[in-house]
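As structure tokens, the structure follows; a few thoughts come after it.
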Amino acid sequence: VKETLYSSVANALMGSPDSLIQVLGNYEAEYLEDDQEFMEYLDEHVFNCVICGWWCPIDEIEETQSGEWACRDCNPIDEE
């Protein structure tokens, strides 16, 4: 049941600009914001782009020059 809730929240975040607490509220699961296991699950599946603010699948993560996480669409790739 726990994995199903984790998966549902991650899927709801994916491709949206909604805040984590907003999505957790939709599932009446605000308590998960402080749950280490849940946060680790999210870190393995989705991330919030620091540039556009949308949630993206973890396989689209890119590190910016300042060391923050951005999606491939937002992070310019330096080709030298």
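None of these values were measured; they are calculated from a predicted model.
From E60, atom CD reaches atom CG of D73 across 6.5 Å, with rounding to the nearest 0.5 Å. Considering CG of L5 and CG of L32, their distance stands at 5.5 Å, rounded to 0.5 Å.
For the salt bridge (charged side-chain N to carboxylate O under 4.0 Å, His left out) test, residues two or more places apart in sequence or in another chain that qualify with E37 are K2. Every residue meeting the side-chain contact (heavy atoms from CB on, under 4.5 Å) condition with Q22, not counting sequence neighbours, appears here in chain and number order: D18, S19. With sequence neighbours left out, the side-chain contact (heavy atoms from CB on, under 4.5 Å) criterion links E30 to I21. Residues meeting the side-chain contact (heavy atoms from CB on, under 4.5 Å) test with E68, sequence neighbours left out: V50, T64, S66. Under the rule for a side-chain contact (heavy atoms from CB on, under 4.5 Å), the partners of P17 that lie at least two apart in sequence or sit in another chain are W54.
Taking each heavy atom of V46 and A10 in turn, the nearest pair found is CG1-O, 3.9 Å. Nearest heavy atoms, C71 versus C49: N-SG, 3.3 Å. The two residues L24 and E33 make their nearest non-hydrogen contact at CD1-N, 3.7 Å.
Its side chain within the 4.5 Å cluster rule, I58 clusters with F47, I61, W69 among the Ile, Leu, Val, Met, Phe, Trp and Tyr residues.
Counting heavy atoms of neighbouring residues, nucleotides and ligands inside a 6.0 Å radius, atom CD of E28 does not exceed 12 of them.
Using a 4.5 Å heavy-atom threshold, the side chains of M14 and V9 count as separate.
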query = What do the steps show when you test L13 against L42 for side-chain contact (heavy atoms from CB on, under 4.5 Å), and what is the final call?
reply = CA-CA 10 Å; L13 286 169; L42 276 189; 4.0 Å; yes
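The side chain to side chain donor-acceptor pair (under 3.5 Å) pairs that include a residue from residues 39-53 are Q36-E40, where partners are two or more places apart or lie in different chains. Annotation: ring-ring contact (aromatic ring centres under 6.0 Å, His included) contacts involving residues 13-38, sequence neighbours excluded, comprise Y6-F38.
Judged by distance alone, with hydrogens and angles left aside, the side-chain atoms of S8 form a donor-acceptor pair with the main-chain N or O of T4 at under 3.5 Å. A donor-acceptor contact shorter than 3.5 Å links the side chain of N11 to the backbone of S7.
Using a 4.0 Å cut-off between charged side-chain N and carboxylate O, R72 and E62 make a salt bridge.
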